[in-house]
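Only one structure is covered here, and it is reproduced in the block below.
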Amino acid sequence: MFDYRQYKRGYFMPPVECNDWVKKEYIDKAPVWCSVDLRDGNQALVEPMSLDEKLEFFNKLIKVGFKEIEIGFPAASETEYELCRTLIEKNMIPDDVTIQVLTQARPHIIKKTFEAVKGAPRAIVHVYNSTSLAQREQVFRKSKEEIKQIAIEGAKLLKELAEADGGNFLFEYSPESFTGTEPEYALEVCNAVIDIWQPTPDKKCIINLPATVEMSLPHVFASQVEYMSKNLHNRENVVVSLHPHNDRGTGVADAELGMLAGADRIEGTLFGNGERTGNVDIVNLAMNMYAQGVDPELDFSNMPELAEMFERLTQMKIDDRHPYCGKLVFAAFSGSHQDAISKGMHYRIEQDPSKWTVPYLPINPEDVGRTYDSDVIRINSQSGKGGVAYVLEHNYGMIIPKAMREDLGYAVKDVSDVNHKELAADEVLEIFERRYKKFTPVFKISEVHFKQIDGIQTEVTIEADGKTTVVEAGGNGRLDAVSNALSKHFGKPCDVICYEEHSLKQGSDSSAIAYVGIKGDDGKEYFGIGIDHDIIRASIDAVESAMNRSMTE
Ligand SMILES: CC(=O)SCCNC(=O)CCNC(=O)[C@H](O)C(C)(C)COP(=O)(O)OP(=O)(O)OC[C@H]1O[C@@H](n2cnc3c(N)ncnc32)[C@H](O)[C@@H]1OP(=O)(O)O
Ligand SMILES: CC(C)C(=O)C(=O)O
Ligand SMILES: [Mg+2]
């Protein structure tokens, strides 16, 4: 049954209008980031991570720059508990990093959690209970007052056990399923918790507003967050945290608008792993800030390494289109995009290499450990001359003359179209060489001699149809003299309309490439190339190839 009438909107608007967040244009400061990869991410995996895998993940999160890391739900399993004990007992928690542990608001689970964090240099104990209408009615079958009592009792027990332990603990409370909870009621429960904890500037508490299930447009969530942020007790000593999930595919928008609405902290995961459609993707969020010139306070400069670790340990796959990280997110196959990117890259070098404004690429791929050569301009049947020229320039140092690009562009895309596949750089090179140099010729020039009398006089030895002929001709330069010799011998025009050359490699073994275009007797342009250590030889080869093309096409 595919019937939309069985559904209705399950969220509640705040009792008063809350839309000050609309007036803020962008996020100008990184929030406090809390990774929940090892808890929410882990609990959603087909095979939760082992102790060693979690330790590797933890160390990588530290390397990226996370200062708060929810390491698990210690009462859930031996592995979760052991991770906690290992990090504490082996002094693996850096001084500027705080671990966080999650517990239900149930006494035996809270007690077990405190046993797990005993001796931690610092720890956030995160307690939650569900407050939504659906869960109150269906799961707990309790009244609003009874559900509030669960939160109150949990909050009291946290305070009591922390005081008894004397350790360095901070508290966090989540009205789980906040998005399905009436905002006035969520506020009432959170304020009851704050009133118990009595946070101070030195010991703030965290109120975490989860979009446990994302239920609304992001602006609705932002209004709910603003309502909470404006009405929480002791607000200056409360860190308002968000924990968006991505059920509607707008977890990132929830987090961003929620920050505009007053949130100070974000809980999320790398690449958006997590329950169902995932937690909010912190890589995406942080890179969105980065791409607008705001310091995200996380370092994603080696995205390929991070992605490799993530895929290996979680056995999840990062989509090819995943923002800032997927294999294809910097790739341009289409001609007009390639042309603009290629021109934008040159413009940047000419104008100000310290600024990035290249069209179609929100960030410089090199910033996240990607390369221009293999990641950006890729060739298939949608590609154009600019892209093909870019590939040859960036991979082989060949600067294809403008006049030749269209002819080459169509030749390359035709191959891709016929074979129905992307072409790698070496395949583009092969097409280029086959078209302009390595094809079966009508004739060959086996010898050339020059004399400098009244300009240049030449003797060109031409081999065609099994015959060898020496042709004499003159010209105002070597290339002109050779093209005149060819024209004389074959009785066809060989007018050079384009000639460019440049060296290909630096150093003693440097070779040169020459590009020649001629106009044939049909008025069409034909191109050839020559590559040799001797630039004269390279240019003669190029005109020979161009003339041959005009006689074979
Ligand atoms: C949105 C989230 O991601 S929340 C985090 C979810 N993560 C997990 O659950 C992973 C780890 N969890 C576990 O390993 C287990 O659930 C445990 C070990 C914590 C508890 O297991 P169990 O004791 O078997 O109970 P279970 O999780 O099924 O909970 C059921 C009972 O706890 C109650 N309960 C569930 N959550 C809470 C809560 N946050 N606060 C208070 N009571 C709760 C339920 O109402 C139910 O009560 P009942 O026995 O009276 O019917
Ligand atoms: C425990 C809470 C914060 C949670 O994971 C959620 O509500 O999604
Ligand atoms: Mg969650």
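All ligand and atom numbering here is 1-based and tracks the order in the structure. This is a predicted model, so every value here is computed, not measured. Values below: all heavy atoms of this structure, side chains included; hydrogens, waters and symmetry mates excluded.
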Rounded to 10 degrees, the angle OD2 of D40 makes with NE2 of H245 at the Mg ion (ligand 3): 100°

For atom 40 (N) of ligand 1, state whether the nearest protein heavy atom is under 4.0 Å away. yes

Please list, in number order, the atoms of ligand 1 under 4.0 Å from a heavy atom of I109. 19 (C), 20 (C)

Tell me: protein heavy atom nearest atom 30 (C) of ligand 1, and distance? R106 NH1, 4.1 Å

Would you check, one step at a time, whether the test side-chain hydrogen bond (donor to acceptor under 3.5 Å, both in side chains) holds for S50 with D52? CA-CA 6 Å; S50 68; D52 285 344; 5.6 Å; no

Using a strict cut-off of less than 4.0 Å between a Lys/Arg side-chain nitrogen and an Asp/Glu carboxylate oxygen, indicate whether R370 and E366 qualify as a salt bridge. no

State whether the shortest distance between N or O atoms of R39 and N or O atoms of ligand 1 falls below 3.5 angstrom. yes

Under 4.0 Å from one or more heavy atoms of A105, ligand 1 contributes atoms 38 (C), 39 (N), 40 (N), 41 (C)

Would you say atom 8 (C) of ligand 1 has a protein heavy atom nearer than 4.0 Å? yes

Below 4.0 Å from any atom of ligand 2, is there a heavy atom belonging to R39? yes

Tell me which protein heavy atom sits closest to atom 1 (C) of ligand 1, plus the residue, atom name and distance to 0.1 Å. E176 OE2, 3.5 Å

Contacting atoms of ligand 1, where contact means under 4.0 angstrom from a heavy atom of A75: 18 (C)

Could an N or O of ligand 1 be found under 3.5 Å from any N or O of V139, whether backbone or side chain? no

Quick one: which of G72, A76, P48 has a heavy atom closest to atom 14 (O) of ligand 1? A76

Output yes when the distance from some N or O of ligand 1 to some N or O of H108 is under 3.5 Å, and no in every other case. no

Can an N or O of Y128 be found at a distance shorter than 3.5 Å from an N or O of ligand 2? no

For ligand 1, the portion of Q43 having any non-hydrogen atom under 4.0 Å away: side chain

For ligand 2, is E275 a contact, meaning one of its heavy atoms is under 4.0 Å away? no

Residue portion contacting ligand 1 (non-hydrogen atoms closer than 4.0 Å) for F73: side chain

Polar proximity ligand 2 side, H243 side, N/O cut 3.5 Å exclusive: yes

Where does the angle between the aromatic ring planes of Y372 and W356 fall among parallel (under 30°), tilted (30 to 60°) and perpendicular (over 60°)? parallel

Can you name the nearest heavy-atom pair linking Q338 to R378, along with the distance? NE2-O, 2.7 Å

